[in-house]
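Scope of the values below: all heavy atoms of this structure, side chains included, with no hydrogens, waters or symmetry mates. Quantities reported herein were computed from a predicted structural model and do not represent experimental measurements.
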Amino acid sequence: MRESGPSWALPGKQYERTTVSDEAARRPSDLFQRRFGATRPDQLWVADLTYVPTWSGFAYVPFITDVYSRRIVGWPVSNSL
């Protein structure tokens, strides 16, 4: 793989930086104190965002997951953030 390069890399493409942290910015409060547990369905949902480079740009996919059942509740796909 090192010799041939990653097969997913698009030649000449730059990666888009989606997060630029400002250390001086005020952070939102942590409402769950990092205790991500739920005792029933639909009590707590968490989300994560990923992006995939394609030949025509990026595909952005946020996943919303129910913490109790650990199932994905939704996943819209878009060409913009």
Asks: Side chains of D66 and P41: closer than 4.5 Å at any heavy-atom pair?
Replies: yes
Asks: Quick check: closest heavy atoms across E23 and R27, and the distance to 0.1 Å?
Replies: OE1-NH2, 3.7 Å
Asks: For the hydrophobic clusters of this structure (ILVMFWY residues joined by side-chain heavy atoms under 4.5 Å, transitively), does one cluster hold both Y68 and V46?
Replies: no
Asks: Find out if a path of hydrophobic residues (ILVMFWY) with successive side-chain heavy-atom gaps under 4.5 Å connects V61 to I72.
Replies: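 Cluster IDs for V61 and I72 match.
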Asks: Could you state the interatomic distance from OG (S78) to CG (L49), rounded to the nearest 0.5 Å?
Replies: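 With rounding to 0.5 Å, OG (S78) is 10.0 Å from CG (L49).
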Asks: Is L81 reachable from Y51 through a run of hydrophobic residues whose side-chain heavy atoms are each under 4.5 Å from the next?
Replies: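 The answer is yes; both residues are in one hydrophobic cluster.
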Asks: List the steps and the verdict of side-chain contact (heavy atoms from CB on, under 4.5 Å) for I64 and W75.
Replies: CA-CA 6 Å; I64 298 92; W75 64 89; over 6 Å; no
Asks: Heavy-atom count around R26 CZ within 6.0 Å, excluding the residue itself: above 12?
Replies: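 No, not enclosed.
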Asks: Indicate yes or no for a side-chain donor-acceptor contact from T65 to the backbone of V67 under 3.5 Å, with no hydrogens or angles considered.
Replies: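 Judged by distance alone, no pair lies under 3.5 Å.
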Asks: Of the non-hydrogen atoms in T54 and A59, which two are nearest, and what is the gap between them?
Replies: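 Where T54 meets A59 most closely, the heavy atoms are CG2-CB, 4.3 Å.
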Asks: What closest approach, in Å, do P76 and P62 show between heavy atoms, and which atom pair accounts for it?
Replies: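 Heavy atoms only, the tightest pair is O-CD, 3.1 Å.
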Asks: Is any side-chain heavy atom of T50 less than 4.5 Å from a side-chain heavy atom of F63?
Replies: yes
